Asks: 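Here it is: the structure, laid out below.
Because the structure is predicted, anything quoted here is derived from the model rather than measured. Labels below follow one simple rule: chain letters A, B, ... track the order of the sequence lines, proteins then strands, and each chain is numbered from 1.
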Number of protein chains: 2
Amino acid sequence: MPKIVDHNERKIKIAEATWNVIVREGLENASVRKIASEANLSVGSLRHYFPSQSDLFLFSMELVSERVRKRIENKNDDKPPLELFQEALLEVLPIDEDRKIEMEVWLVFSAKTLVDRRLEELSKNVFIQMRTGIEKIINSLDSLQLLKEDVDLHVEAIRLHALIDGLATHHILHPNTLTNEEMILTLRYHLQSLCKEV
Amino acid sequence: MPKIVDHNERKIKIAEATWNVIVREGLENASVRKIASEANLSVGSLRHYFPSQSDLFLFSMELVSERVRKRIENKNDDKPPLELFQEALLEVLPIDEDRKIEMEVWLVFSAKTLVDRRLEELSKNVFIQMRTGIEKIINSLDSLQLLKEDVDLHVEAIRLHALIDGLATHHILHPNTLTNEEMILTLRYHLQSLCKEV
DNA sequence: ATAGTATTAGTACAGTTGTATTAAAAAGGG
DNA sequence: CCCTTTTTAATACAACTGTACTAATACTAT
């Protein structure tokens with residue numbers, strides 16, 4: 001009967017336009033009008049897919065976490081575990097332009113998290129998922145007896161988690177001072193330092 | 001002749017009002033009117049001290065770095081070096097309510113850094129100062145022959161720097177999931193892991 | 001006291017904001 | 001073709017934004 005548009009596909013397109021505006025002009029200038037214009041839509045049309053700006057922002061932030069999650073899931077090769085873990089963790093770092101954009105958007109929304117309950121909820125869930133994943137990696141390394149003897153598994157998970165986000169944030173905010181190479185090198189160095197000598 | 005007001009003192013008062021508004025309602029709602037009201041001033045009066053909102057934000061962000069810097073400078077006791085370094089680094093973490101507020105404000109402004117040249121400049125300078133300080137600590141530990149043999153001084157500085165900011169950010173964003181105690185414990189654990197066994 | 005200036009306050013303005021409302025356009029099924 | 005419903009577009013509105021301007025106020029030094 002009527003014109004049919006794939007809602008989810010369209011919403012993703014709008015969310016990507018939101019990313020663009022945020023990266024170019026910042027969250028405080030990401031008005032509904034600018035986003036609609038960036039997506040080549042009218043404001044009324046955009047609001048047909050996102051009833052409110054809050055919905056749009058929530059979906060746009062959520063899209064970042066989905067992209068990252070899918071990327072990690074596609075990494076299930078049959079490589080040696082240490083190498084596989086290393087690659088999975090590297091997926092979370094902003095190692096190329098696409099990932100830098102996503103991380104930058106995530107960073108900006110994370111700040112808003114402090115005064116936005118809906119974004120806070122999402123942020124918390126993703127944080128716990130990430131922590132759980134890192135704990136699994138640490139525990140797996142331990143089960144494989146690859147870790148040094150005197151490590152504290154719980155603290156090591158916290159440390160690795162903080163290190164990854166710290167490196168990512170530093171590279172996003174100061175790409176010239178903390179280069180891509182240093183970021184990757186430091187993560188590898190850290191993982192090596194956890195493991196027994198070869 | 002005229003009424004005299006200590007400009008710098010007044011500006012600090014206004015900046016602290018800015019912090020309050022940012023923590024309570026977020027940077028996007030930190031309008032000149034709200035900040036003036038929070039500081040019990042009229043908008044016209046506020047603008048007598050800060051000609052533009054940009055000036056106000058820059059000063060307010062700068063005030064955070066000054067507070068942290070002064071705190072570290074006051075730490076020059078005559079304790080054993082490892083302990084002294086540990087305490088200096090703990091000063092950067094949001095270990096109490098005042099420091100949490102400052103770090104939260106810093107975090108929010110850091111995100112704005114990505115689209116604001118003046119804030120970016122400040123952020124870059126503070127980042128480099130922090131990195132330099134951490135390098136000095138690592139190098140001192142090495143000179144005192146406290147470090148393990150196989151450490152890479154450059155990478156260790158990057159790693160410690162990222163770990164500290166990562167821990168701080170995680171505690172600010174997820175205080176219930178990364179507790180104050182875990183944050184401090186993890187930093188101590190890390191420093192121990194760099195040093196020779198006793 | 002009074003003159004003069006730093007400081008405050010009030011008002012105004014043009015622009016932007018999110019959202020609501022309403023109607024036109026488009027397209028698939030009969 | 002035409003009906004039905006999705007999708008688009010346009011307009012309107014009240015609230016808020018940063019900033020400019022003007023005048024009143026408060027206080028100090030002579």
Asks: Measure NZ/B:Lys13 against C1'/C:dT7 and give the value in whole Å, please.
Replies: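 Taking atom C1' of C:dT7 as the reference, NZ of B:Lys13 is at 14 Å.
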
Asks: To the nearest Å, give me how far apart CG (B:Asn40) and P (C:dT7) are.
Replies: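 B:Asn40 atom CG is separated from C:dT7 atom P by 18 Å.
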
Asks: Pairs counted only when both distances fall under 3.5 Å, Watson-Crick or G-U: show me the 5' to 3' dot-bracket for DNA chain D, [ ] for pseudoknotted crossings and | for other-strand partners.
Replies: ..||||||||||||||||||||||||||||

Asks: Using the side-chain heavy atoms of A:Val5, tell me which of these nucleotides is nearest: D:dT7, D:dT19, C:dG18.
Replies: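 Shortest atom-to-atom distance from the side chain points to D:dT7.
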
Asks: Heavy-atom distance under 4.5 Å between the side chains of A:Leu89 and A:Leu191, does that happen here?
Replies: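 Yes, their side chains come closer than 4.5 Å.
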
Asks: Salt bridge check, B:Glu156 against B:Lys148: does any charged N sit closer than 4.0 Å to a carboxylate O?
Replies: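 Not counted as a salt bridge, because no side-chain N and carboxylate O are separated by less than 4.0 Å.
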
Asks: Using the closest heavy atom to pick a nucleotide of DNA chain D for each, name whichever of A:Leu41 or B:Ser52 lands nearer the 5' end.
Replies: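 With A:Leu41 and B:Ser52 compared, the 5'-side residue is A:Leu41.
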
Asks: Could you verify whether a donor N or O on one side chain and an acceptor N or O on the other, from A:Arg118 and A:Ser54, lie under 3.5 Å apart?
Replies: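 Side-chain D/A pair, A:Arg118 to A:Ser54: present.
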
Asks: Measure from CD on A:Glu28 to C1' on C:dT17 and round the result to the nearest Å.
Replies: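 A:Glu28 atom CD is separated from C:dT17 atom C1' by 14 Å.
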
Asks: Rounded off to whole Å, could you give me the CZ-to-C1' distance for the B:Arg33 and C:dA9 pair?
Replies: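 Going from B:Arg33 (CZ) to C:dA9 (C1'), I get 13 Å.
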
Asks: The test is salt bridge (charged side-chain N to carboxylate O under 4.0 Å, His left out); show your working for A:Lys124 and A:Glu120 and say whether it passes.
Replies: CA-CA 6 Å; A:Lys124 179 183 154 196; A:Glu120 185 192 8; over 6 Å; no

Asks: Over 60° means perpendicular and under 30° means parallel, so tell me whether A:His170 and B:Phe127 are parallel, tilted or perpendicular.
Replies: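 Perpendicular: the ring planes of A:His170 and B:Phe127 meet at over 60°.
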
Asks: Does A:Arg10 place a side-chain N or O at less than 4.0 Å from the phosphate oxygens OP1/OP2 of D:dT8?
Replies: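 For D:dT8, OP1/OP2 do have a side-chain N/O of A:Arg10 under 4.0 Å.
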
Asks: Measure the OG-CD1 distance between A:Ser123 and A:Ile128 for me, rounded to the nearest 0.5 Å.
Replies: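 With rounding to 0.5 Å, OG (A:Ser123) is 9.5 Å from CD1 (A:Ile128).
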
Asks: What parts of residues 42-49 of chain A reach DNA chain D, counting only heavy atoms under 4.0 Å away?
Replies: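 Correct list: A:Ser42, A:Gly44, A:Ser45, A:His48, A:Tyr49.
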
Asks: If only side-chain N and O atoms of A:His7 are considered, is one of them under 4.0 Å from the OP1 or OP2 phosphate oxygen of D:dT6?
Replies: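 So the side-chain polar atoms of A:His7 never come under 4.0 Å of the phosphate oxygens OP1 or OP2 of D:dT6.
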
Asks: So that I can tick it off, tell me whether B:Glu102 and B:Arg71 are bridged by a salt bridge, with the cut-off set at under 4.0 angstrom between side-chain N and carboxylate O.
Replies: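 Yes, this pair counts.
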
Asks: For A:Phe50 and D:dT7, give me the distance from atom CZ to atom P, rounded to whole Å.
Replies: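 So the two atoms are 13 Å apart, to the nearest Å.
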
Asks: Do B:Asp116 and B:Phe109 make a side-chain contact, defined as non-hydrogen atoms from C-beta onward lying under 4.5 Å apart?
Replies: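 They are not in side-chain contact.
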
Asks: Is the backbone of A:Thr179 close enough, under 3.5 Å, to the side chain of A:Glu182 for a donor and an acceptor to pair up by distance?
Replies: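 Yes, the answer is positive, given that a donor and an acceptor are paired below the 3.5 Å cut-off.
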
Asks: Rounded to the nearest angstrom, tell me the gap between atom CD1 in B:Ile4 and atom P in C:dA6.
Replies: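 Value for this atom pair: 8 Å.
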
Asks: Please give, in whole Å, the distance from D:dG18 C1' to B:Lys34 NZ?
Replies: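 Distance, rounded to whole Å: 14 Å.
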
Asks: What's the CD1-P distance between A:Ile35 and C:dG18, to the nearest Å?
Replies: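 To the nearest whole Å, that distance equals 8 Å.
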
